[in-house]
Amino acid sequence: MSNQKRVPVIAGNWKMYKNVNETRDFFRALPDSVRSCTDPMVVICPPFTDLHSAKENMGGSTLQLGAQNMHWQDEGAFTGEISPLMLRDIGCSHVLIGHSERRQYFGETDGTVNRKTLAALQWQLIPIVCVGEKLEEREAKLTDNVVIVQVQRALLNISKELIATIIFAYEPVWAIGTGKTCDSAEANRVCGIIRETVAMMSDKETAEQVRILYGGSVKPDSIKEQMSQPHIDGALVGGASLDPKSFSAIVNFR
Ligand code: 13P
């Protein structure tokens, strides 16, 4: 089936980069073609400390604000954590869940990914759920298994209606920050497996609505080919999202 009914999404994940002033400067440097873009939809995920500045500097644009993580509880004695309600309150519409850096360094598991995905949906935040295999898993030909299990566990106890609103990001861990992009045809194949798994957990119609992004060393010169793949509905961009020029070139991929 064609992906024409899925509006593509280009999301920038700033990771632990930029302070408040740098955030303001980034938004000031974005051209109108990006500030007013609706196709693709553009989401920027700065660090928590920049969310307020980002929201202010996005004023009057079509840009969407995302966080990089959240806790699953509404509030409580969880020192250092941020709740979905706090993200709503500061103006977020999206939240990254289960990025491989969170899984690798901060003990995030498929179980916490599921709890966070449920909590995000409960508070009308759109989760961008990240999945992907490590290098040794790819070398052992475990890519498909790893991704299928991550998607199945992320979607436990979620209704079809809500599954349709989730965004997935396929980010092979070995392609993140390495300059090695996954071959587009191979990324498309894995995104197709993610879509089949979503269909198994819901139905085909739901799976056709779910947006699946590719992430891992996406650059202005790779985006066009990636976006031409039928199962790839956008990109989750790390390094190249920090510079307004390269990020704009990616958003304006057409
Ligand atoms: P890079 O684009 O820097 O490889 O990062 C990808 C990523 O992790 C986005 O979430």
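As the structure lists them, so they are numbered: ligands from 1, and atoms in each ligand from 1. The chain is numbered in sequence order, starting from 1.
The shortest N or O to N or O distance between Glu101 and ligand 1 is not under 3.5 Å. On a distance-only criterion, Val237 and ligand 1 share no N/O pair closer than 3.5 Å. Ligand 1 has a nitrogen or oxygen under 3.5 angstrom from a nitrogen or oxygen of Gly239. For ligand 1, one of its N or O atoms has an N or O atom of Gly238 under 3.5 Å away. Taking distance alone, with nitrogen or oxygen atoms compared against 3.5 Å, His99 approaches ligand 1 more closely than that limit.
Ion pair Lys141/Glu133 not flagged as a salt bridge, since none of the NZ, NE, NH1 or NH2 atoms sits closer than 4.0 Å to an Asp/Glu carboxylate oxygen.
Both Leu65 and Leu30 belong to a common hydrophobic cluster when Ile, Leu, Val, Met, Phe, Trp and Tyr are linked at side-chain heavy-atom distances under 4.5 angstrom.
Summary of contacts: the protein heavy atom closest to atom 9 (C) of ligand 1 is Glu171 OE2, 2.9 Å.
Interface atoms of ligand 1 facing Ser217, defined by a heavy-atom separation under 4.0 Å, are 1 (P), 2 (O), 4 (O). Close approach of ligand 1 to Leu236 (heavy-atom distance below 4.0 Å) involves ligand atoms 9 (C), 10 (O). Atoms of ligand 1 found under 4.0 Å from any heavy atom of Lys15 (numbered from 1 in listed order, with element): 5 (O), 6 (C), 7 (C), 8 (O). Ligand-side atoms of ligand 1 in range of Ala175: 4 (O), range being under 4.0 angstrom from any heavy atom.
Contacts with ligand 1 closer than 4.0 Å are made by side-chain heavy atoms of Asn13 only, the backbone lying farther away. Residue contacts with ligand 1 for Ala169 are absent, since no atom lies close enough (heavy atoms, distance under 4.0 Å).
Residue contact annotation: Gly215 has no non-hydrogen atom under 4.0 Å from ligand 1. Within the structure, ligand 1 lacks Ala240 among the residues with a heavy atom less than 4.0 angstrom away.
Ring orientation note: the planes of Phe26 and Trp14 are nearly perpendicular, at an angle over 60° on the 30°/60° scale.
None of Arg103, Gln150, Gln152 except one satisfies the side-chain hydrogen bond (donor to acceptor under 3.5 Å, both in side chains) rule with Asp110; the exception is Arg103.
The minimum heavy-atom distance between Cys45 and Gln68, with the atom names listed, is O-NE2, 3.0 Å. Nearest heavy atom pair, residue Pro31 against residue Ser248, reads CD-OG, 3.2 Å.
Between Ile126 and Ile166 the shortest side-chain heavy-atom distance does not fall below 4.5 Å.
Counting heavy atoms of neighbouring residues, nucleotides and ligands inside a 6.0 Å radius, atom CD of Glu205 does not exceed 12 of them.
For the residue pair Ser83 and Asp74, no side-chain donor N or O sits within less than 3.5 Å of a side-chain acceptor on the partner.
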